[in-house]
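Hydrogens, waters and symmetry mates are skipped; everything else that's a heavy atom, side chains included, is used. Just so it is clear, the model here is predicted, and its values are computed rather than measured. Atoms within a ligand are numbered from 1 in the order they appear, just like the ligands themselves.
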Amino acid sequence: MLEVQRLTKRFGGLVANDAIDLTVGEREIVGLIGPNGAGKTTFFNCITGQLKLDQGRVGFEGRDLTNRAPEVIARAGIARTFQLVRVFREMSVVDNVVVGAFLRERTRQGARARAMQALKATGLSASASTDAGALPVALQKRIELARAVAMEPRLIVLDETLSGLTEAETREAVDVLRGLRVALLVVEHVMEVIMPLSDRVVVLDAGKRIAEGPPAAIARDPRVIEAYLGV
Ligand SMILES: Nc1ncnc2c1ncn2[C@@H]1O[C@H](COP(=O)(O)OP(=O)(O)OP(=O)(O)O)[C@@H](O)[C@H]1O
Ligand SMILES: [Mg+2]
């Protein structure tokens, strides 16, 4: 479904992504992990059109989306959340999600109906008319997820949507994500979060892909342990 080949992104002399290959299959949940500065957010920004890649190719369902504009990529079926929460604090939860729903709906009424569906799918229905800024950060992150869901994507890329949650909140979020039944590419640096969620895990370190495999194998991979512990 998503097929990234040899994606390379430089910032001056720094190679933030060095020829990264990565695929995501239909309804597959792929975790992308790595220590701070590994290049995870950069990789996301290249896929979703926020940054231009220097080399490589981004293919999605047979289409070439390399260096296309963010709105073209969103329309093609890839939605994203941001590492730093971007909600309109003074707007209600549902209105925050309506913003995403307008990608597929022309009328306000249609967009609102689609937004309510997205709130239901993400467990936010009860907070629909609350001001977004009044919710705890864990739920503000959920609003971003709902906004992405309202775009009716085939793939959602999530940047640290699960970081900073309590254990109970994490379990709930994992259930919500699994229940969406779309393909997910999930960025985290907390392995405890990514392991129960992912079908497959890809590990970046200092811009390079250093490992890939099922969560259990990744957790005991010496290269991964070394990257995290710096030993
Ligand atoms: N716009 C930019 N200009 C210059 N350097 C950048 C830019 N964005 C990121 N970098 C550098 O690229 C490298 C990768 O950063 P990136 O944000 O992709 O890492 P990350 O894996 O998402 O880290 P974190 O876990 O802290 O979010 C870092 O060394 C970072 O300082
Ligand atoms: Mg990041």
Side-chain angles (χ1 to χ4, degrees), residues 2 4-24 29-58 65-70 73-74 78-87 137-138 140-145 147-148 155-166 169-170 173-174 177 183-198 200-213 215 218-219 221 223-231:
L2 177 72
V4 179
Q5 293 163 333
R6 302 193 63 77
L7 188 157
T8 299
K9 177 66 188 177
R10 299 185 195 91
F11 296 113
L14 176 83
V15 187
N17 285 162
D18 190 357
I20 308 292
D21 289 325
L22 185 142
T23 59
V24 181
I29 302 182
V30 176
L32 182 64
I33 66 171
N36 286 121
K40 306 178 297 293
T41 299
T42 301
F43 185 77
F44 263 41
N45 286 338
C46 286
I47 292 177
T48 56
Q50 270 82 24
L51 287 174
K52 298 275 181 244
L53 25 159
D54 294 306
Q55 271 149 43
R57 181 179 186 275
V58 178
L65 293 182
T66 313
N67 289 336
R68 301 299 304 269
I73 292 169
I78 304 179
R80 69 165 295 165
T81 66
F82 289 89
Q83 181 166 355
L84 298 173
V85 178
R86 295 187 180 185
V87 297
V137 175
Q140 290 187 20
K141 290 184 175 194
R142 193 86 70 81
I143 297 173
E144 286 223 324
L145 176 64
R147 189 190 290 147
L155 168 71
I156 307 178
V157 295
L158 301 148
D159 198 353
E160 304 206 10
T161 306
L162 302 172
S163 301
L165 304 188
T166 65
E169 285 169 342
T170 302
V174 166
L177 289 173
L184 303 174
L185 179 58
V186 186
V187 157
E188 275 298 335
H189 51 222
V190 185
M191 284 213 258
E192 288 77 3
V193 171
I194 213 79
M195 293 304 171
L197 178 65
S198 307
R200 187 154 54 85
V201 176
V202 174
V203 189
L204 298 186
D205 182 33
K208 290 195 161 55
R209 199 182 85 159
I210 59 163
E212 174 179 3
I218 287 297
D221 185 318
R223 287 165 304 177
V224 177
I225 294 164
E226 186 185 320
Y228 273 86
L229 301 180
V231 290

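Ranking protein heavy atoms by distance to atom 26 (O) of ligand 1, first place goes to Asn36 ND2, 2.8 Å. Residue, atom and distance of the protein heavy atom nearest to atom 14 (C) of ligand 1 are Gly37 O, 3.4 Å. In terms of protein heavy-atom proximity, atom 18 (O) of ligand 1 is closest to Thr42 OG1, 2.6 Å. For atom 27 (O) of ligand 1, the closest non-hydrogen atom on the protein side is Gln83 NE2, 3.1 Å. Counting only heavy atoms of the protein, atom 9 (C) of ligand 1 lies nearest to Phe11 CE1, 3.5 Å. Among protein heavy atoms, atom 25 (O) of ligand 1 sits closest to Lys40 NZ, 2.7 Å.
In this structure a side-chain-to-backbone donor-acceptor pair under 3.5 Å is present from Asp21 to Arg6. Within the 3.5 Å criterion, the main-chain N or O of Val87 finds no donor-acceptor partner in the side chain of Glu144. In this structure, Tyr228 contributes its side chain and Gly34 its backbone to a donor-acceptor pair below 3.5 Å.
In terms of polar-atom proximity, Leu14 is not counted as a contact of ligand 1, lacking any N or O under 3.5 Å from an N or O of the ligand. By the 3.5 Å distance cut-off applied to N or O atoms, Gly34 is not counted among the residues near ligand 1. For a threshold of 3.5 Å applied to N or O pairs, the pair formed by Gly39 and ligand 1 contains at least one separation below that value.
Between the CD1 atom of Ile29 and the CG atom of Leu184 there is a distance of 4.5 Å, given to the nearest 0.5 Å. Rounded to the nearest 0.5 Å, atoms OG1 (Thr81) and NZ (Lys141) are 8.5 Å apart.
Test Leu177, Leu197, Leu32 against Leu158 for side chain to side chain contact (heavy atoms under 4.5 Å, CB included) and you get one pass: Leu177.
When each atom of ligand 1 is checked for a heavy atom of Ala16 under 4.0 Å away, the hits are 12 (O). Of all atoms in ligand 1, numbered sequentially from 1 with element shown, those under 4.0 Å from a heavy atom of Glu160 are 25 (O), 27 (O). Of all the atoms in ligand 1, the ones that sit under 4.0 Å from a non-hydrogen atom of Thr41 are 17 (O), 18 (O), 20 (P), 22 (O), 27 (O).
Classification of Glu212 and Arg200 as a salt-bridged pair holds, one side-chain N sitting under 4.0 Å from a carboxylate O.
At a cut-off of 2.8 Å, Asn36 does not coordinate the Mg ion (ligand 2) through any N, O or S atom.
Under the rule for a side chain to side chain contact (heavy atoms under 4.5 Å, CB included), the partners of Thr41 that lie at least two apart in sequence or sit in another chain are Asn45, Gln83, Asp159.
More than 12 non-hydrogen atoms from other residues, nucleotides or ligands lie less than 6.0 angstrom from CZ of Arg57.
Remark: atom 12 (O) of ligand 1 lies closer than 4.0 Å to at least one protein heavy atom.
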